[in-house]
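Below, chains carry the letters A, B, ... as their sequence lines are ordered, and counting in each starts from 1.
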Amino acid sequence: MNRTTRIGGKSAATVITYACLIIGSVIMIFPFVWMILTALKSMSESVRIPPTFFPEVPYFENFQYALTSLPFGKLYINTALMVLGRVVCAIVFSSMAGYAFAKLHFKGKNLLFALVLIQMMMPSQIFVIPQYEMLSKVGMTESIFALIFPGLVSAFGTFFLRQAYMGIPDEIAEAAYLDGCNQWQAFYKVLFPLTGSAIAALTIFTAVFAYADLMWPLVVNTDINLMTLSSGLATLKGQFTTNYPVLMAGSLFAMVPMLVLYLIFQRQFIEGIALTGGK
Amino acid sequence: MKKKKSAAARSEQRWAWIMVAPTIIGLIILNYIPLIQTIILSFSKTKTFGATQFNGIENYIDMFQSPEFWKATWNTVYFCILTVPVGIILALLVAVLLNAKVKFKGGFRAIYFLPMVCAPAAIAMVWRWMFNGEYGIINAIFGVDVNWLTNPVTAVLACAIVAIWSSIGYDAVLLLSGLQSISKSYYEAARIDGASRIKQFFSITLPMVSPTLFVTLIMRMMASLKVYDLIYMMVDQTNPVLPDVQSLMYLFYREAFVAGNKGYASAIVVWTILLIGIVTIVQFIGQKKWVNYDV
């Protein structure tokens, strides 16, 4: 195709394309580089004017300070449990509901599905105060369950997996019924295993947004041992207001788990988000 | 026919109800009851020990008389104006570049997408440091001496820059999937007609990607009208520029969970939802002028 294009014009366009992409990439990466470089500087070096680019001597104590002022081990576990809890709930409940809405006939289906759609359009902040009051009334704030609570069911997951089930031909479900499966068995044994890529996308979507959530964890768990990485970091900011090397070290600790997962499953992350996109 | 199948149909119906029950019950408890409670709360006064009392539209009157509230509303709209158009245009540019025949495409895409997998709390932290007025690298690079985060004008700009930087990759990935669905034959025909690259962009790419662009735009506008975490991390509650920067959701957080005025905070959140609703409806009406659905 491109062979027919003029050579001169094409190479100029190519150079501009690469130049733009590379400049953009530098801007995207620089904050991360700066985070790492700052985390390796001593406090006094970090405030030198003009700033040094590379640390003169790598200063690893910042990581120790960050570790002693925040219980990162617990933050990792809390965040992992919150993400895992929300992901499992989203997959289990949304798969069941998504299958029923896509493949089964029942009374009230349209009305109930409208409840799902309307919830999707409402910003989560409108639920925050009453959700907090509910937990507070039964004494369940300050717990892992509290972190998972708003994600116990997922309207978006239901909508998204319904699409996935609608994409599976009806004949497959009917064949399962002929083999003597009831609706639950057809779902569990035959159709559910066919939704793997949608489940993967929903998992990534749910995990990324749960991990980024700040307001809810900040509100519901004030005990430092029950915070998530995000809300813990907000607390660290209050402690080390001006000691940026320690703050950068803490931020790195908070970013590492998701970054590692991203580096391993990069394609799944991006495609999963593209698939769930537009939410 | 209907009668013959009734036993099977009843069993199907029973299974369906069982399978939607967790989600529906969850939505009612977690979302629909709270929705009603928030609305009721917005017409109530919070008293000591968390008790509430109906007080009519007093919260709304207080709110509409509060300069802080109007400032926060303007800040939110202004933030949206600053971030959404620029962010979407840059994201479209990145998507178009990535859609060209480039080597290392996956790598570029992964780099632009990076901020998406980092918690906004961590991202804001490093940007705070980069925007630091005394020792920040941004002042050093550009040879300027700006107190970015303690000046009302530049603090908003700084937050907007971080927001745009964070969202480009995500929006570009969405737009890229729209671009990839455009048939190559359109471009070949245009090339035979001698249309320039720029001409091709405006007469083929833009109209063909407009449905995806619209969805991305709506999503980005809603997100920016709800902005909270980024500004919360960039501008502390003790920062004197707070009133000039705080968004509606930041004000909501402070009223609800710092000051304990849950009734007043509920009025703020109801107002925000209305604002988002109005903006979205305007977008849906406006789309008829520019979104192209005939493929």
Side-chain angles (χ1 to χ4, degrees), chain A residues 13 17 20-21 24-25 28-29 31 34-35 38 47 50-51 93-94 96-97 99-100 104-107 112 115 119 123 125-127 129-131 150 152-153 155 158 182-184 208 211-212 214-215 219 229-230 233-234 237 244 247-248 251 254-255 258-259 262 266 269-270 273-274 277-278, chain B residues 11-13 15-17 19-20 22-24 26-27 30-31 33-35 37-38 41 94 97 100-102 108-114 116-122 125-127 129-130 135 137 140 170 173-174 177 197 215 219 226 228-229 233 249 252-253 256-257 262 265-266 269 273 276:
Chain A
T17 303
C20 289
L21 282 174
S25 301
M28 295 315 289
I29 289 181
W34 196 238
M35 192 183 251
T38 305
V47 295
F93 298 141
S94 300
M96 284 162 49
Y99 163 78
L104 303 183
H105 302 280
F106 58 102
K107 254 187 229 152
L112 295 180
L115 287 183
Q119 194 278 348
Q125 279 87 350
I126 201 160
F127 316 123
I129 295 178
Q131 283 177 344
L152 282 176
V153 293
T158 305
N182 63 25
Q183 276 77 16
W184 171 260
V208 164
Y211 170 77
L214 180 64
M215 193 189 282
V219 163
L229 289 164
S230 283
L233 213 50
K237 184 190 65 160
Y244 277 98
L247 289 176
M248 293 301 105
S251 303
M255 279 173 16
M258 201 53 119
L259 271 182
Y262 177 60
Q266 187 235 108
F269 263 79
I270 296 176
I273 293 288
Chain B
S11 143
E12 177 173 342
Q13 175 142 306
W15 278 116
W17 280 340
M19 291 170 90
V20 297
T23 297
I24 297 299
L27 288 179
L30 287 166
N31 304 121
I33 292 174
L35 170 71
Q37 284 175 327
T38 296
L41 209 53
V94 171
L97 294 176
K101 258 195 165 179
V102 285
F108 280 124
R109 201 177 63 159
I111 289 170
Y112 284 96
F113 197 73
L114 210 48
M116 194 57 208
V117 297
C118 302
M125 203 76 96
V126 68
W127 280 97
W129 169 229
M130 286 170 38
Y135 317 110
I137 185 78
Y170 182 81
V173 165
L174 294 185
S177 66
R197 291 264 179 133
V215 171
M219 187 205 64
K226 288 189 292 182
Y228 156 75
D229 41 17
M233 292 300 284
M249 280 302 115
F252 160 74
Y253 168 79
F257 299 107
K262 296 213 159 70
S266 297
V269 83
I273 305 310
I276 293 175

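- Listed by chain and number, the residues in a side chain to side chain donor-acceptor pair (under 3.5 Å) with A:T38 are B:W129 (sequence neighbours excluded).
- For the set B:I24, B:V269, B:V117, the count of heavy-atom pairs under 4.5 angstrom toward chain A peaks at B:V117.
- If you measure heavy-atom distances from A:M248 to chain B, the contacts under 4.5 Å come from the side chain alone.
- Separation of atoms CH2 (A:W184) and OH (A:Y99) is listed at 10.0 Å; rounding is to 0.5 Å.
- Each of B:C118, B:A265, B:A100, B:S177 has some count of heavy-atom pairs under 4.5 Å with chain A, and the biggest count is that of B:C118.
- The part of A:T158 that comes within reach of chain B is its side chain, from C-beta onward, which places non-hydrogen atoms under 4.5 angstrom from that chain.
- When the candidates B:P120, B:A110, B:S266, B:G26 are compared by the number of heavy-atom contacts under 4.5 Å with chain A, B:A110 comes out ahead.
- Of the two parts of B:F257, only the side chain, counted from C-beta on, holds a non-hydrogen atom closer than 4.5 Å to a non-hydrogen atom of chain A.
- Here B:V102 is the residue among B:V94, B:D229, B:V102 with the most heavy-atom pairs under 4.5 Å with chain A.
- With sequence neighbours excluded, the residues satisfying side-chain contact (heavy atoms from CB on, under 4.5 Å) with B:L114 are A:F32, A:L259, A:Y262.
- Both the backbone and the side chain of A:Q183 come within contact range of chain B, each with at least one heavy atom under 4.5 Å from a heavy atom of that chain.
- Rounded to the nearest 0.5 angstrom, A:T17 OG1 and B:K101 NZ are separated by 13.0 Å.
- If you measure heavy-atom distances from A:M215 to chain B, the contacts under 4.5 Å come from both the backbone and the side chain.
- Once rounded to the nearest 0.5 Å, the distance linking CD1 of A:I126 with CD1 of B:I273 reads 4.0 Å.
- Of all the listed residues (A:V47, A:L247, A:V208), the one sharing the greatest number of non-hydrogen pairs under 4.5 Å with chain B is A:V47.
- For B:Y228 and B:Y253, the gap between ring centers is short of 6.0 Å.
- To the nearest 0.5 Å, atoms CZ (A:F127) and CD (A:Q125) are separated by 9.5 Å.
- Among A:S230, A:A212, A:S25, A:A254, the residue with the largest count of heavy-atom pairs under 4.5 Å with chain B is A:S25.
- Ranked by heavy-atom pairs under 4.5 Å with chain B, the first of A:P50, A:C20, A:P123, A:P150 is A:P123.
- When each of B:I276, B:I137, B:I33 is checked for heavy-atom pairs under 4.5 Å with chain A, B:I137 comes out on top.
- A side-chain donor-acceptor contact under 3.5 Å links B:Y112 to the backbone of A:L21.
- Once rounded to the nearest 0.5 Å, the distance linking CD of A:Q131 with CG of B:N31 reads 6.0 Å.
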